[in-house]
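Basis for what follows: all heavy atoms, side chains included, without hydrogens, waters or symmetry-related copies.
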Amino acid sequence: MPSKSSSRLAALTVAAVCTAAPLVLPTPAHADSVRIHDLQGDTRISPYAGQQVTDVTGIVTGIRTYGSSRGFWIQDPNPDADPATSEGVFVFTGSTPKGVAVGDAVTVAGTVTEYVPGGTSSGNQSLTEITRPTFTVTSSGNPLPAPTRIDARSVPSAYTPTPNGSINNLTLEPSTYALDHYESLEGMNVQVSDARVVGATDPYTELWVTVKPWENRNRRGGTVYGSYDSQNTGRLQIQSLGRAADFPDANVGDTLTGTTTGPLDFNQYGGYTLVATELGTHESRDLQRETTRQQTSRELAVATYNVENLDPSDDTFAAHAAAIVNNLQSPDIVSLEEIQDNNGATDDGTVAADQTLTKLIDAIEAAGGPRYDWRAIDPADKSDGGEPGGNIRQAFLFNPDRVSFVDRPGGDATTPVDVTKSHGKAALTLSPGRIDPASEAFANSRKPLAGEFTFRGRTVILIANHFASKGGDQSLTSHNQPPSRTSETQRHLQAKAVHDFTAKILKTQKNADVVVLGDINDFEFSETTEILEGKGTLWSAVKSLPRSERYSYVYQGNSQVLDQILISPSIRRFSYDSVHINAEFHDQISDHDPQILRFHP
C-alpha cells in the first residue's frame, strides 16, 4: 500500500504514456478515415489497434500540458446509437500540444495504440489512444459535446463479468456491468454532481468520490469494503487539469458540490479517472479525529500503530505523540510498525533504532503522557524489506507504571524464539524474540516480534507483526477478473507461522492470554486472517465492531481493514476500537489508523 517510501512519484498523477510498453497486436498497417466510435469499438481493444488512421474528427474537450502524458482529448459531437462505443479518445503528443485549444474542431491522423499504464505485466486495462499524430484545426470556439452524467442510476451494481481470465475481448455491456459502463465512456466528456469524497486528497493532488451516496456508507462518510464481491461500483478518482494549488484539500465525508466535468481517463494508480476541466466547489463536513476512552485500572490497553517509516529526521514526532496521548489515551502497550533505524533511508549499514524510539518516547512525555520504556530487536541490514536503507521493524512501547516486561536475553535478528513451560505456564524462551526469522515466509519481510508482559500478576504474550504488503497485486480494475493477488502467497505462509507459534503457546497453556497484532496487510474476511485464526486458536477482534466501522485504511476510496488485533479464547471481556485519526484525512501523519483493545486478563 502507498507510503512515503512508495515508488509513486509526483509525475505519476497521470498515465505515463511515453514510458510503458503499448499492447502490441497483429493488425493491418493502414485504415481509411474512421469515426471515433468505430476506432473505439465495442470491446476494450480497438479493432484498429496498430493501424494508421486518417481524418478522425472531433471537438477538443481537454488539454494536458504537464507530466509525461501530454496531449488532448477529442470527442465526436455526432454519436452513434451504440452505448458500448465511446465517442472520445486521447491524442498523445508527447510534448505540450501547440496550436490547439479547447473548443477547436480538429481532424487527426496517426497510429491507434492500446497503451497499458504500468506496462502489460501490471494487468491494467489498456487505454485506446492516437499516437504520433498530425492534426489540423478546422474551426474554433465550438460548443463542447454535452457531458455524460455518471450517477447512481447510470452505474450498474454488478462490477464486471468474472470469466477467470481477461475481459479485454468481451463485448461491453455498459447497462449490466460497472467496469463496462466506465469503459464505454473512455475519453468522453463526463460529469458528476454533488459527489461525496470517499478518499481524501493525497500528495499527488487526486481524491476519490462516490456517485452512489448510500453504497456501503458509514457514519463518517466513507465507503466500506467488506468483501471481494462488493467492490463499490460508485467510486471514481478525480484529478484536475488545473493548477495543483487550486486542488481542494478534502477529507472523507466532504463534498464537491455542483458539477465536476472533464474527460474520463484511465491511469496506472486509480483506474478510471475523471480529469476535471471544471471542479465542483469543495464543501467541508468538518470531519473530526476520534478519541478513544481511557482504560480502567483493571483493564490492559493494547494498541497497534503503523507510524509510517518514522525516523529521527521526520517532523511528525510531536503529532504522533499527541495521537498516542490524546486520541489513544496512553495505552499500556503500543505495538509500533515501521520504526526506521537511526538515520532513516541512508543506506550505510546502520540498523539500530534507539534514537528513533527515544525521540518518540520523549515527545510522548512532553505531550503529557507516561514515560514509556521500549523493547525491539534490530534486523539484519536490508533483510526485512521496506524503504531501502530504512530497516523498518516492530517495537513495543510499554508504560512501566502499569505493566512489566519479562526480559529473557538472547533475542537477536537470527535466533528464533520458542515456547517452554515455567511453573505450569507457557513462557517464551527469548523475550523479546523473533518468530522463525530464517523461514522463507519472512524473506525480505518483517519478522514477528514476541514479547512477554505481566499485568496485575497475569502473564500476557504479545506478537507484533507487519506482514508482506499488497504491492504487486493487480487492481480491482484489472483486465483480469478476478484480479490476481500474488502477494497473498507470502502472507499465507506468514499467517501459518504465527498461527502455529500461537497454537504452541496454547498447547502448553490452554488458558494463556495471547494477543497477535499489527499491520496484517490483509482484510478481516481474507484467507490470510482465516489462516491466522485457525480453528479456534485466535479471533480477529475488529469483527466485534459493526461492519460499517471495520476499517483502518482508505485505498482508492475503499475504507478497509489492514491493521488487526487477534485474541486467544481466554480473552473474553474486552472492548475494541478502530480510532480514526489518519486514513480519512488529507493531512495525515500516517496512512493507517491505530487499533486498540482493552481487556481484563
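- Of all non-hydrogen atoms in A301 and Q295, the two that sit nearest each other are CB-CD, 3.6 Å.
- There is no side-chain donor-acceptor pair under 3.5 Å between H592 and S552.
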message: One pair to check against ring pair (Phe, Tyr, Trp, His ring centres under 6.0 Å): F396 and F453. What are the steps and the verdict?
response: CA-CA 11 Å; F396 293 122; F453 296 83; 5.4 Å; yes

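- Side chain of T537 to main chain of H499: no donor-acceptor pair is present (N/O by atom type, distance under 3.5 Å, no hydrogens or angles).
- Looking only at side-chain heavy atoms (C-beta outward), V579 and T291 stay at 4.5 Å or farther from each other.
- In this structure, the side chain of N124 engages the main chain of P117 through a donor-acceptor pair within 3.5 Å.
- The backbone N or O of S544 lies less than 3.5 Å from no partner atom in the side chain of R550, so there is not a single donor-acceptor pair.
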field: Step-by-step side-chain contact (heavy atoms from CB on, under 4.5 Å) determination, D407 to R375
entry: CA-CA 9 Å; D407 286 294; R375 296 292 186 275; 2.8 Å; yes

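- Applying the salt bridge (charged side-chain N to carboxylate O under 4.0 Å, His left out) rule to R220 yields the partners E290, E584; only residues at least two apart in sequence or on another chain are considered.
- A donor atom on one side chain and an acceptor atom on the other are not found under 3.5 Å apart for Q125 and T477.
- Partners of Q355 by side chain to side chain contact (heavy atoms under 4.5 Å, CB included), not counting sequence neighbours, listed by chain and number: P312, N342.
- Looking only at distances, no side-chain donor or acceptor of N251 sits under 3.5 Å from a matching main-chain atom of A200.
- Shown are T292, T296, D332, D577; of these, the side-chain hydrogen bond (donor to acceptor under 3.5 Å, both in side chains) with R598 is made only by T292.
- Inspection of the R196 and T210 side chains reveals no N or O donor paired with an N or O acceptor under 3.5 Å.
- Rounded to the nearest 0.5 Å, atoms CZ (F467) and OG1 (T528) are 7.5 Å apart.
- Looking only at atom types and distance, the side chain of N582 has no donor-acceptor partner in the side chain of E308 under 3.5 Å away.
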message: The test is side-chain contact (heavy atoms from CB on, under 4.5 Å); show your working for D522 and K470 and say whether it passes.
response: CA-CA 8 Å; D522 223 333; K470 288 182 171 292; 3.1 Å; yes

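- The side-chain hydrogen bond (donor to acceptor under 3.5 Å, both in side chains) analysis of residues 455-465, with sequence neighbours excluded, yields the pairs R458-D513.
- Panel note: side chain Q494, backbone A468; a donor-acceptor pair is recorded below 3.5 Å.
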Ignoring hydrogens and angles, write down the donor-acceptor pairs under 3.5 Å from the side chains of residues 503-511, residues two or more places apart or on other chains.
{"from": "K504", "atom 1": "NZ", "to": "D418", "atom 2": "OD1", "distance (Å)": "2.6"}
{"from": "T508", "atom 1": "OG1", "to": "K504", "atom 2": "O", "distance (Å)": "2.9"}
{"from": "Q509", "atom 1": "OE1", "to": "A426", "atom 2": "N", "distance (Å)": "2.9"}
{"from": "Q509", "atom 1": "NE2", "to": "N511", "atom 2": "OD1", "distance (Å)": "3.0"}

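- Residues S540 and Q564 bring a donor and an acceptor atom of their side chains to less than 3.5 Å of each other.
- Across all their heavy atoms, A250 and L207 have their closest contact at CB-CD2, 4.0 Å.
- A salt bridge (Lys or Arg N to Asp or Glu O under 4.0 Å) with R393 is found for exactly one of D378, D384, D341, namely D378.
- With a 6.0 Å radius and a threshold of 12 heavy atoms from other residues, nucleotides or ligands, K496 has its NZ atom at or below the threshold.
- Under the 3.5 Å distance criterion, with hydrogens and angles disregarded, a donor-acceptor pair is assigned to the side chains of S487 and D473.
- From T356, atom OG1 reaches atom CG of L310 across 6.5 Å, with rounding to the nearest 0.5 Å.
- Outside the 6.0 Å centre-distance limit, the rings of Y551 and Y225 are not counted as a close aromatic pair.
- Within 6.0 Å of CZ on R547 lie no more than 12 heavy atoms contributed by other residues, nucleotides or ligands.
- In this structure, R293 pairs ionically with E299, as a charged nitrogen and a carboxylate oxygen lie closer than 4.0 Å.
- The heavy-atom pair separating S559 from G222 by the smallest distance is OG-CA, 4.1 Å.
- Considering CG of L597 and CD1 of I565, their distance stands at 5.0 Å, rounded to 0.5 Å.
- Between Y553 and D519, every side-chain heavy-atom pair lies at or beyond the 4.5 Å cut-off.
- Contact of the I567 side chain with the F574 side chain is registered, since non-hydrogen atoms from C-beta on lie closer than 4.5 Å.
- Under the 3.5 Å distance criterion, the side-chain polar atoms of T233 are matched with a main-chain donor or acceptor of P156.
- For the residue pair S330 / N399, no side-chain donor-acceptor distance below 3.5 Å is found, with atom types taken as modelled.
- Residues Q268 and S122 bring no donor and acceptor atom of their side chains to less than 3.5 Å of each other.
- Of all non-hydrogen atoms in P482 and N164, the two that sit nearest each other are CD-OD1, 3.3 Å.
- Taking the six-membered ring for Trp and thresholds of 30 and 60 degrees, H320 and Y305 have ring planes more than 60 degrees apart, a perpendicular arrangement.
- Between the CG atom in L357 and the CH2 atom in W374 there is a gap of 5.5 Å [rounded to 0.5 Å].
- With hydrogens and angles left out, the side-chain atoms of Q595 and S578 include a donor and acceptor closer than 3.5 Å.
- No side-chain N or O of S526 forms a donor-acceptor pair with one of R491 less than 3.5 Å apart.
- For residues 354-363, the pairs satisfying salt bridge (Lys or Arg N to Asp or Glu O under 4.0 Å) are D362-R371, with sequence neighbours left out.
- T223 and N232 are not linked by any side-chain donor-acceptor pair at a separation below 3.5 angstrom, with hydrogens and angles left out of the test.
- Side-chain N or O atoms of N391 include one that pairs as donor or acceptor with a backbone N or O of K382 at under 3.5 Å.
- A distance of 10.0 Å separates CD1 in I392 from CD1 in I339, rounded to the nearest 0.5 Å.
- At a cut-off of 3.5 Å, with distance as the only test, a side-chain donor of S313 or D311 sits close to an acceptor on the other residue.
- The backbone N or O of G221 lies less than 3.5 Å from a partner atom in the side chain of N218, making a donor-acceptor pair.
- A donor-acceptor contact under 3.5 angstrom links the side chains of T304 and E337, judged on distance only.
- Listed by chain and number, the residues in a side chain to side chain contact (heavy atoms under 4.5 Å, CB included) with S383 are P379, A380, K447 (sequence neighbours excluded).
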task: In sequence, state the C-alpha distance, the side-chain angles, and the governing distance for L360 and L397, and then conclude on side-chain contact (heavy atoms from CB on, under 4.5 Å).
output: CA-CA 10 Å; L360 179 58; L397 297 188; 4.1 Å; yes

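- Side-chain contact between W208 and V554 is absent, with no heavy atoms from C-beta onward closer than 4.5 Å.
- No side-chain donor from either of S484 and T486 sits under 3.5 Å from a side-chain acceptor of the other.
- Of the possible donor and acceptor atoms, one in the side chain of Q490 sits under 3.5 Å from a partner among the backbone N and O of A441.
- Using a cut-off of 4.0 Å between Lys/Arg side-chain N and Asp/Glu carboxylate O, R485 and E527 are scored as not salt-bridged.
- No donor-acceptor distance shorter than 3.5 angstrom exists from the side chain of R408 to the backbone of S431, with no hydrogens or angles considered.
- Summarising the geometry, atom CD1 belonging to I596 is positioned 11.0 Å from atom CD1 belonging to I333; distances are rounded to the nearest 0.5 Å.
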